[in-house]
Amino acid sequence: MKTRIAVLVSGGGTNLQALIDARDRGELPHGELSLVVSNNAGAYAMTRAARAGIPTALCLRQKGEPKAAFESRLLAILADNRIEMIVLAGFMAILSADFVSRYPNRIINVHPSLIPSFCGEGFYGLRVHRAALDYGVKVTGATVHYVNEIPDGGRIICQKAVDIREDDTPESLQRRVMEQAEWILLPWAAEKVAMKIWEEKNNA
Ligand code: GAR
């Protein structure tokens, strides 16, 4: 039995697409993309999931809804689908310590910088690349890490550097970091962690 993976998304879903493409190439042998959950009704990632034949679920945080209530609905969706591992792929919400403690070493995230630079609360999407350009660093990149109770603070699984060009804009840099780093790192790390979970199950 492959490790059952849920991919949590909020937006365009190019990292989800990289996982789907890796699966289709046979590069995710220990993991099954079992569910895609979005916290945003308009996320194009949901179209990508449906096209790839992956079940989807929407889990929206209602206005004024406490985070704990949102997360308990999310946990119920994951439990219903017997999810064993979670991949955050452009998921724009910070999960609480309580949530994270339910899946120790079983949640991974892709972040578009070389952690510990340009990370933590408030650093997401284009903001990360804008901050790197504003600072004037010459090299940035992407990181895949385990998720713990500290935003972007969990153990690093892999990183890849990307050179910054003189004429980069946040958009051009975002695209290059995705192409040269994120879309390569995330499927690789997902397989590595899925295999680890699979081995734990089979040696139990
Ligand atoms: C990606 O660049 C991802 O690393 C970033 O959002 C983008 C989502 O794109 N995530 C974060 O900033 C999380 N802190 P996608 O929806 O096309 O995969």
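In this structure, CG on L173 lies 9.5 Å from CG on L126, to the nearest 0.5 angstrom. The CG atom of L114 sits 10.5 Å away from atom NZ of K160, with the distance rounded to the nearest 0.5 Å. Atom CG in N148 sits 11.5 Å away from atom CG in L95 (nearest 0.5 Å). Distance CH2/W198 to CG/N203: 8.5 Å, rounded to 0.5 Å. For the atom pair NE2 (H145) and CD1 (I150), the distance works out to 11.0 Å, reported to the nearest 0.5 Å.
Legend: residues meeting side chain to side chain contact (heavy atoms under 4.5 Å, CB included) with A93, ordered by chain and number and at least two apart, are N39, F91. Partners of E27 according to the salt bridge (charged side-chain N to carboxylate O under 4.0 Å, His left out) rule, which considers only residues two or more places apart in sequence or in another chain, are R25. By the salt bridge (charged side-chain N to carboxylate O under 4.0 Å, His left out) test, D163 is found to be paired with no residue, residues two or more places apart in sequence or in another chain being considered. Partners of R23 by side chain to side chain donor-acceptor pair (under 3.5 Å), not counting sequence neighbours: none found. Annotation: side chain to side chain contact (heavy atoms under 4.5 Å, CB included) contacts of T47 (sequence neighbours excluded): Y44, R51. For T169, the side chain to side chain donor-acceptor pair (under 3.5 Å) partners at least two apart in sequence or on another chain are S172. The side chain to side chain donor-acceptor pair (under 3.5 Å) test applied to D98 returns R102, not counting sequence neighbours. For R48, there are no salt bridge (charged side-chain N to carboxylate O under 4.0 Å, His left out) partners, not counting sequence neighbours.
In the hydrophobic clustering of ILVMFWY residues, with side-chain heavy atoms under 4.5 Å counting as a link, L35 and L88 come out together. Cluster membership for L19 and Y146, using ILVMFWY side-chain heavy atoms within less than 4.5 angstrom, is shared. One hydrophobic cluster, built from ILVMFWY side chains closer than 4.5 Å, cannot hold both I54 and L8; they sit in different ones. Residues I86 and I5 do not share a hydrophobic cluster, clusters being chains of Ile/Leu/Val/Met/Phe/Trp/Tyr side chains in contact below 4.5 Å. A single hydrophobic cluster is seen to contain both L16 and W188, as judged by linkage of ILVMFWY side chains at heavy-atom distances under 4.5 Å, directly or through other members.
Between A194 and T3, the closest heavy-atom pair is O-OG1, 2.9 Å. In plain terms, the two heavy atoms of A189 and V144 that are nearest each other are CB-CG1, 3.6 Å. The two atoms that bring A89 and V110 nearest to each other are CA-CG1, 4.3 Å, heavy atoms only. For the residue pair A18 and P187, the shortest heavy atom distance occurs at O-CG, 3.7 Å. When all heavy atoms of A45 and G13 are compared, the pair lying nearest together is CB-CA, 3.6 Å. Nearest heavy atoms, H111 versus F123: CE1-O, 3.4 Å.
When atom types are taken as modelled, the side chain of T56 and the backbone of M46 share no donor-acceptor pair closer than 3.5 angstrom. H30 places no side-chain N or O within 3.5 Å of a backbone atom of V193 that could act as its donor or acceptor partner. A donor-acceptor contact shorter than 3.5 Å is absent between the side chain of N81 and the backbone of I83.
Between L33 and L28 the shortest side-chain heavy-atom distance falls below 4.5 Å. A 4.5 Å side-chain heavy-atom check between N105 and R155 finds at least one atom pair inside the cut-off. Contact check for L58 versus V37: no side-chain heavy atoms found under the 4.5 Å cut-off. Annotation: side chain of I157 is in contact with side chain of K192 (closest heavy-atom distance under 4.5 Å). Looking at heavy atoms from C-beta onward, F99 lies in side-chain contact with I107 at the 4.5 angstrom threshold. You'll find the side chain of D168 reaches within 4.5 Å of the side chain of R176, heavy atoms only. Between L186 and I108, some side-chain heavy-atom pair lies under the 4.5 Å cut-off. Within the 4.5 Å cutoff, no side-chain heavy atoms of P112 are placed close to those of Q174.
The stretch residues 75-85 participates, sequence neighbours left out, in these salt bridge (Lys or Arg N to Asp or Glu O under 4.0 Å) pairs: E84-K201.
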Using a 3.5 Å cut-off and no angle test, enumerate the donor-acceptor pairs between side-chain atoms of residues 65-79 and protein atoms at least two apart in sequence or in another chain.
residue: E65; atom: OE1; partner: Q62; partner atom: N; Å: 3.0
residue: E65; atom: OE1; partner: R73; partner atom: NH2; Å: 2.8
residue: E65; atom: OE2; partner: R73; partner atom: NE; Å: 3.0
residue: E65; atom: OE2; partner: R73; partner atom: NH2; Å: 3.2
residue: K67; atom: NZ; partner: I94; partner atom: O; Å: 2.6
residue: E71; atom: OE1; partner: S96; partner atom: OG; Å: 2.5
residue: E71; atom: OE2; partner: S96; partner atom: N; Å: 2.8
residue: S72; atom: OG; partner: A69; partner atom: O; Å: 3.1
residue: R73; atom: NH2; partner: L60; partner atom: O; Å: 2.5

Side-chain donor-acceptor contacts of residues 128-143 below 3.5 Å, not counting sequence neighbours, with atom names and distances?
residue: T143; atom: OG1; partner: S113; partner atom: O; Å: 2.7
residue: T143; atom: OG1; partner: I115; partner atom: N; Å: 3.1
residue: T143; atom: OG1; partner: Q159; partner atom: NE2; Å: 2.9

Throw together a table of side-chain donor-acceptor distances under 3.5 angstrom for residues 178-185, partners on residues two or more places apart or in other chains.
residue: E179; atom: OE2; partner: R175; partner atom: NE; Å: 2.9
residue: E179; atom: OE2; partner: R175; partner atom: NH2; Å: 3.4
residue: E182; atom: OE1; partner: N15; partner atom: ND2; Å: 3.0
residue: W183; atom: NE1; partner: T14; partner atom: OG1; Å: 3.1

